[in-house]
Amino acid sequence: MKYAINNFVFDTDQLLLMRAGEVVGFRLNEAKLLALLLSEPHKLFSKEEILDNVWAGKVVAEQAVFQNIRNLRALFGEDAIKTFSKKGYQWQLPVTPVNEELAIKREIDSSTPAIQTATPGAIKSAAGKMRAGILVASLLLLALTVGWQTQQRSATLPKLALVPFSLEAGMPQALGDQLADGLQTASAFEPVVFKARPIPRDFLLIPQQYFQSITQSTQAPYVFMGVVNEHAGGLRIRYLLKSRNNSWRAEHQAPDAARLAMLINNHIGLILHSGLLEIDEQNTRLLEATLKLLQSQHPQDLNLQKALIDVQTRAGDAASGTMLAKALQENAARQQDELFLAKGYLAEASTYIYENLLADAEVPLAKAEAGFQALNDWDGLATVERERISAAFTNHDFDQVQQHVQRAVEWSRRAGDMAQEYRLNTWAAVLANKFGRDEERWAYLDKARAILDKHGSAPELYALIHFYAGMFEKDPAAAETQYRKVLALLPADQQWWEHERAQVHLSEMLIQQARWQDALDLYADQPRGAVQELQLGKIRMAQQQWQQAEQHGVISFNAATQNDQLQSALDAALYLLQLDKHQHKPMNNFYRQFLLKEANNVPHWIAFNAAPLAEVGLELKAP
């Protein structure tokens with residue numbers, strides 16, 4: 001059966017989702033869940049019913065249901081599925097069954113346009129009349145959908161908490177007030193000004209520290225903060241939109257505050273209504289699919305184009321990133337946007353460096369540097385030096401690394417960007433550690449700590465320094481002390497990379513010391529995702545509690561695959577093969593095939609796991 005839902009058509013038999021005649025990227029379990037909800041649109045389905053029908057015979061965590069509900073809402077809108085606390089979920093949007101035979105007959109008779117395109121055979125027999133009818137039908141359906149969505153949005157505009165702008169030194173407060181007034185008249189969202197307490201510029205670096213208190217105070221699920229400076233005779237803003245699941249960074253420039261406010265309003269409205277902020281930040285596939293759709297709908301939006309390049313490069317598709325970077329350059333040149341033209345050159349260089357094509361990176365890097373230099377864009381120049389640091393590291397030249405770090409720090413100071421200066425020093429400490437330069441690694445960490453001390457930064461920022469200190473310490477007791485400082489500084493119920501990695505490193509130390517209960521206690525009374533379940537499995541495997549070890553591994557794999565966290569899924573699959581080997585069991589072919597099929601999508605994962613892959617008989621080579 002086929003159903004029309006807004007501007008989508010969903011085939012429940014083939015589990016195929018279409019929009020404007022094109023297949024929409026859609027995972028199998030999301031399709032199964034949508035088919036279940038549409039089978040009885042007025043029924044309230046419990047979590048247990050969903051698990052039994054969508055994941056029949058599989059052991060998965062309840063989080064899989066939450067994530068797939070979230071993904072469907074990202075596609076169809078927040079109001080598509082209603083949550084009934086402790087009861088379940090119910091479909092909310094209008095659903096129209098598509099009668100293909102009637103649609104074909106109507107098109108042949110040149111009568112009422114059909115909602116859905118006909119079958120291939122029918123199109124052959126009535127091709128001429130069908131093309132026009134289908135076009136009319138598509139336009140009619142699109143118009144109805146836009147009208148319905150406009151009514152829905154006007155009735156329930158998303159709330160956005162506005163944190164007062166951070167103005168660069170010397171800028172008049174009147175400019176910030178004018179911008180704030182412009183945002184408060186937005187039509188695409190409902191602004192709520194947050195004035196309960198001053199929020200420092202640290203928000204841009206560690207938004208999760210302030211997010212909960214801001215959203216609780218304003219009852220707004222999204223938070224906005226921007227930094228404004230004078231730029232090329234006008235104004236420029238760099239800002240962050242933050243939700244519970246994700247964040248969005250963008251920048252705009254305009255001759256005056258009024259036009260800058262208009263640009264911000266339009267772009268924020270686009271992002272809030274796109275569903276991007278509802279997608280888990282680790283779900284790179286869904287992020288990429290959503291960005292591709294948005295970019296095709298708004299081809300002139302340079303921020304969207306740049307974000308798509310970053311996502312594709314991060315996902316390992318640097319070749320596509322290179323083509324998109326060149327397209328960004330062409331688009332920016334047409335718009336006479338010198339800033340994004342320089343960013344396009346920088347993005348191109350970044351994709352080459354990712355693929356170790358260092359010679360190819362030199363020309364776009366030089367063009368990016370010249371562009372940022374002409375604009376007096378110190379942040380951009382610091383970012384150029386960051387790419388040169390990456391190239392020097394790839395070239396195994398630590399002296400060059402240090403020179404480029406020094407230049408990047410100088411540009412960051414000139415820009416007044418404490419966050420970038422801090423990050424550069426922590427990154428340099430890690431690189432020094434990789435080169436075996438013990439003295440330099442501690443010196444860079446000390447510099448990072450001095451930057452935080454100087455600016456009176458939030459305590460949470462010190463967690464990264466403690467984490468790296470734990471990595472560098474040679475004495476296990478001293479390393480444990482550093483890792484526990486990280487865990488004490490950062491709450492477990494927020495998304496902190498440092499907290500997650502400190503847990504992993506510490507649990508592996510405790511496993512080596514056979515301190516089983518101490519290791520298990522690290523994960524007690526806190527949310528557990530794929531990474532945490534895998535570590536619990538490793539603890540149980542070390543104890544030779546095989547059944548529990550396998551259960552945690554399977555839960556980890558399922559949670560990772562349901563959330564499109566490919567690297568975590570690869571980790572769990574490899575662990576489960578290792579578990580089979582330790583028990584002298586035949587290795588599970590499903591996980592073996594998964595690794596053979598998916599690992600090539602993450603080349604650096606193959607390089608990092610070369611030894612354990614060889615242990616289970618898989619000689620994979622990075623493409």
Taking the side chain as C-beta and beyond, is there a heavy-atom pair between L175 and V228 under 4.5 Å?
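No, side chains not in contact.
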Is the side chain of [X] donor-acceptor paired with the backbone N or O of [Y] at a distance under 3.5 Å, no angle test?
X	Y	result
Y352	P364	no
N246	I279	yes
D202	S457	no
N303	A250	no
S274	I271	yes
E598	L570	no
S243	L277	yes
N331	P299	yes
T290	L286	yes
R70	D280	no

In chain order, what residues pass the side-chain hydrogen bond (donor to acceptor under 3.5 Å, both in side chains) check against Y345, with sequence neighbours excluded?
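Y345: no side-chain hydrogen bond (donor to acceptor under 3.5 Å, both in side chains) contacts found.
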Neighbour count above 12 (heavy atom, 6.0 Å) for Q300 CD
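Count over threshold, so yes.
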Kindly check if the number of other-residue, nucleotide or ligand heavy atoms within 6.0 Å of CZ (R244) is above 12?
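Atom CZ in R244 is not crowded, with 12 or fewer foreign heavy atoms closer than 6.0 Å.
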Would you tabulate the side-chain donor-acceptor contacts of residues 318-326 under 3.5 Å, counting partners in other chains and residues two or more places apart, or write 'none'?
from : atom 1 : to   : atom 2 : distance (Å)
S320 : OG     : D317 : OD1    : 3.1
S320 : OG     : D317 : OD2    : 2.7
T322 : OG1    : A318 : O      : 3.0
T322 : OG1    : T351 : OG1    : 2.8

In terms of the angle between their ring planes, are W411 and W378 parallel, tilted or perpendicular, with boundaries placed at 30° and 60°?
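The arrangement is parallel - the two ring planes meet at less than 30°.
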For the pair H267 and Y239, name the ring-plane relationship: parallel under 30°, tilted 30 to 60°, perpendicular over 60°.
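It falls in the perpendicular class, over 60°.
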Determine, stepwise, if the pair Q420 / D379 fulfils side-chain contact (heavy atoms from CB on, under 4.5 Å).
CA-CA 8 Å; Q420 180 148 236; D379 279 312; 3.7 Å; yes
Is a donor from one side chain sitting under 3.5 angstrom from an acceptor on the other, for D337 and Q253?
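There is such a pair (donor and acceptor under 3.5 Å, judged by atom type) between the side chains of D337 and Q253.
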Salt bridge (Lys or Arg N to Asp or Glu O under 4.0 Å) contacts touching residues 292-307 (sequence neighbours left out):
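Of all non-adjacent pairs touching residues 292-307, those that pass salt bridge (Lys or Arg N to Asp or Glu O under 4.0 Å) are E288-K292, K306-D310.
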Quick test of your reading: applying salt bridge (Lys or Arg N to Asp or Glu O under 4.0 Å), list the pairs with at least one residue in residues 400-422, sequence neighbours left out, ordered by first then second residue.
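Of all non-adjacent pairs touching residues 400-422, those that pass salt bridge (Lys or Arg N to Asp or Glu O under 4.0 Å) are E369-R407, E385-R407, R413-E421.
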For S166, give me all partners under side-chain contact (heavy atoms from CB on, under 4.5 Å), at least two apart in sequence or on another chain.
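S166 satisfies side-chain contact (heavy atoms from CB on, under 4.5 Å) with R201, M225, V227 only.
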Sort out for me which residue in V223, I214, L240, V163 forms a side chain to side chain contact (heavy atoms under 4.5 Å, CB included) with P207.
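Among V223, I214, L240, V163, the one that satisfies the side chain to side chain contact (heavy atoms under 4.5 Å, CB included) with P207 is L240.
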Tell me, please, which residues at least two apart from E251 pass salt bridge (Lys or Arg N to Asp or Glu O under 4.0 Å).
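In terms of salt bridge (Lys or Arg N to Asp or Glu O under 4.0 Å), with neighbours along the sequence ignored, E251 is linked to R236, K343.
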